[in-house]
Number of protein chains: 2
Amino acid sequence: MSIKQIQEKTGFSYSTISRVLNGKAKEFRISDKTRDSIMTAVKALGYRPNLVARGLRMQKTNTIGLIVPDIQNPFFGELAWRMERKLRGFGYSTILCNTDEIADNEEYYLQVLIDRRVDGVILAPVHTREWKGLEEIRWKKPVVLIDRIFFKTDLPWVTGSNEQAADQMVTTLFRLGHSRIAFLGGVPRTYMNTMRFRGFRKAFARRGIAVESGLVFNEGYSPAAGKKMMADLLARCPEIEAVFCVNNLVFLGAMAHVQKHEIETGRRILMAAFDIAPYCDMFKRPLVCATQDREKLADTAVSLLIKGIQDPHLSREHVMLPIDLSLLRIPRTEGGGAWQKRLDKG
Amino acid sequence: MSIKQIQEKTGFSYSTISRVLNGKAKEFRISDKTRDSIMTAVKALGYRPNLVARGLRMQKTNTIGLIVPDIQNPFFGELAWRMERKLRGFGYSTILCNTDEIADNEEYYLQVLIDRRVDGVILAPVHTREWKGLEEIRWKKPVVLIDRIFFKTDLPWVTGSNEQAADQMVTTLFRLGHSRIAFLGGVPRTYMNTMRFRGFRKAFARRGIAVESGLVFNEGYSPAAGKKMMADLLARCPEIEAVFCVNNLVFLGAMAHVQKHEIETGRRILMAAFDIAPYCDMFKRPLVCATQDREKLADTAVSLLIKGIQDPHLSREHVMLPIDLSLLRIPRTEGGGAWQKRLDKG
DNA sequence: ATGAAAGCGCTAACAG
DNA sequence: CTGTTAGCGCTTTCAT
């Protein structure tokens, strides 16, 4: 089923049919009769254009590649959901790629996407700087970085002010009277881990105290890792009062142990974490949290990409989004007042 | 950059180059010298085959379409993650589509996927039976249903025994001494909603009691909907003791209100829900939960699709997976003993 | 206002 | 062992 069948049925030539199909009837002053007869045949035969052929001919596939570390993570799930929807609005289909934080996968996928002649790539990279492969690829197709970026790059990117947010969260914990704070991290040398730990450390430095290396863990971005880190932490330092979790997944894992620990010991641990807003309601406890604007993150990434596709040279924009520090979530029934007061006094 | 450049550089013909590229050097007894010289040029020029052209020529794109209601839902997130990874192992790329429970979107995407000449489609449908469009499409490309299926269809599918599991969950609630049970549902007339409510009703019927229609809600598969339904329920019936949630998202939303309510009234509500295993640890409370084997679900769907691609006529398999009813999750510190005892007595 | 023909980059049948 | 050529389905000059 191709234009050929339409041709046989109507007697018109390839070009005329193609023009009608692409809505260029007016432009080429094709008679209404011709157009109608073609459209009728198209409907009757249920003809649909072959997008692969069109892609080959046009050197444009209307396809983009989305590379994320882990689509299971609801944070990336939401980003993917938003971007896919927005891209669809521009006529693009989205090819999904999961790197699982493995740099080799990232290189593999980037290559595949180029081979598939996608029109652009949105990338939440594992690498922390522009490695050789990417340098070659960005010459061929526009690439936009989302969430995780490179420090020195003229690739367009969008991310949140993670370092600053982490700093503020820790500072808040200090103001609440905690000076021993554990850091439950993810994959070492990864962008987020680096930036958020940097903010963590900065807050300590300003306060003039040293980060206790025994309270710093980096086991991976997953609930399982979070659980393990929390267990190790409690084994090592049962009297810990405040814990900083590098992301939502680590937080969820950590909470399992925290709750158990609190029941057993009667002690309360103050938790701080990034991007846990969706879960905040579910915990009957004060929580220090930083929330990124996922909608803006997604929208910006797509906009930057579209711009890049339209004019590859014009796209060097860097967007740093503020992160919402709705610092404490305190169910009013649970003595939150005391916390709040301490915070207000500074 | 195409085979042509390789040809110009090495002097060999299209076909020879193509053969070497596709690892058919042995088969066509191409001399080692020729092969090496070609491979050298390929490396030197950084040549990569154009998958669009290959796809057009071979009538095979090594691409599959994945249509899910909502990639934000960690349940589908995990399925997508597993399937993408497995498909990648077979050399396929995955095109991601979100229907948001809207039937029109499903039809749109299916059409796009066919136009893109994907080699197959994995579909968690919104429709509850084989509508006209699908009937046409399945003639062109293999389609596999996952999670949500059609009752009478010879399309291959894989799902869990949802009706039975819901029945067992409710029966468990009965045995624990609750006979007024609320149903917090999702999108009406959707497969899961139907099946799980059917199981819910069946348990009531067996017990000889009627389902109270005032305790049945269907507001959508989302935390927001769950929250709203729980609020409505508590307004209507503050003394409710047991609540059945149709899925993980509804459960998460509902919990927010439950916790508040419990703190305010001192009453305990027993929650039952599907696919909340990942969150179970986080709640210090008994929970009745049914857990689907997402790994098996994903693996089976991919296997069925691969089979379907290899032999379109051979694929009519239906796989119904048992659902794990690890019925009660009871933190031992919290009087779980009493619950367990009641359950054991039957 | 419409048609003929080239060509996107690749594979494979056929020829030698 | 290697080369020539047709053709996948489409868009787009260039003719007329």
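Here the structure is a predicted model, which is why all the values come from computation and not from measurement. In what follows, every chain begins at residue 1, and chains take the letters A, B, ... in the order their sequences are listed. All values below come from the heavy atoms of this structure, side chains included, with hydrogens, waters and symmetry mates left out.
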For A/I30, which contact category applies under a 4.0 Å heavy-atom criterion: base, sugar-phosphate, or nothing? sugar-phosphate
B/E101/B/R148 ion pair, N-O < 4.0 Å: yes
Can you tell me how far C1' of C/dG9 sits from CG of B/L45, to the nearest Å? 16 Å
Rounded to whole Å, please give me the gap between CZ in A/F12 and P in C/dG3. 6 Å
Is there a side-chain polar atom (N or O) of A/T34 under 4.0 Å from OP1 or OP2 of C/dT2? yes
Rounded to the Å, how far apart are B/R116 CZ and D/dC10 P? 14 Å
Whole-Å distance separating the CD atom of A/E27 from the C1' atom of C/dT2: 15 Å
Test item: A/L66 and A/C97 side chains (from C-beta on) under 4.5 Å apart, heavy atoms: no
Nearest-Å distance for atom pair CD/P, residues A/Q7 and C/dT2: 14 Å
Comparing B/S13 with B/Q59, nearest DNA chain D nucleotide closer to 5' gives the residue B/S13
Candidate nucleotides D/dG3, D/dC10, C/dG9, ranked by approach to the side chain of A/S2 - the nearest: D/dC10
Send over the distance from A/D115 CG to C/dC10 C1', rounded to a whole Å. 13 Å
Are A/K132 and A/E136 ion-paired here, with the side-chain N under 4.0 Å from a carboxylate O? yes
Nearest 0.5 Å, please: how far is NZ in B/K307 from CD in B/E317? 3.5 Å
side-chain hydrogen bond (donor to acceptor under 3.5 Å, both in side chains) evaluation trace for B/T63 with B/R116: CA-CA 9 Å; B/T63 278; B/R116 286 200 181 285; over 6 Å; no
B/S303: side-chain contact (heavy atoms from CB on, under 4.5 Å) partners, not counting sequence neighbours: B/K86
Quick check: do A/I67 and A/L110 have side-chain heavy atoms less than 4.5 Å from each other? yes
When the distance from CG of B/L56 to P of D/dT11 is rounded to whole Å, what number comes out? 12 Å
End-to-end axis angle, where each axis spans five pairs of the helix from C/dA1-D/dT16 to C/dG16-D/dC1, to 10°: 50°
Nearest-angstrom distance from the residue atom NZ of B/K4 to P of D/dG3: 16 Å
Readout for nucleotides 11-16 of chain C: B = base within 4.0 Å of protein heavy atom, S = sugar-phosphate only, - = neither; 5' to 3' it is BBBB--
Tell me whether the guanidinium CZ or amine NZ of B/R88 lies under 6.0 angstrom from the six-membered ring centre of A/Y108 and within 45° of its axis. yes
Can B/S15 and B/S18 be counted as having a side-chain donor-acceptor contact under 3.5 angstrom? no
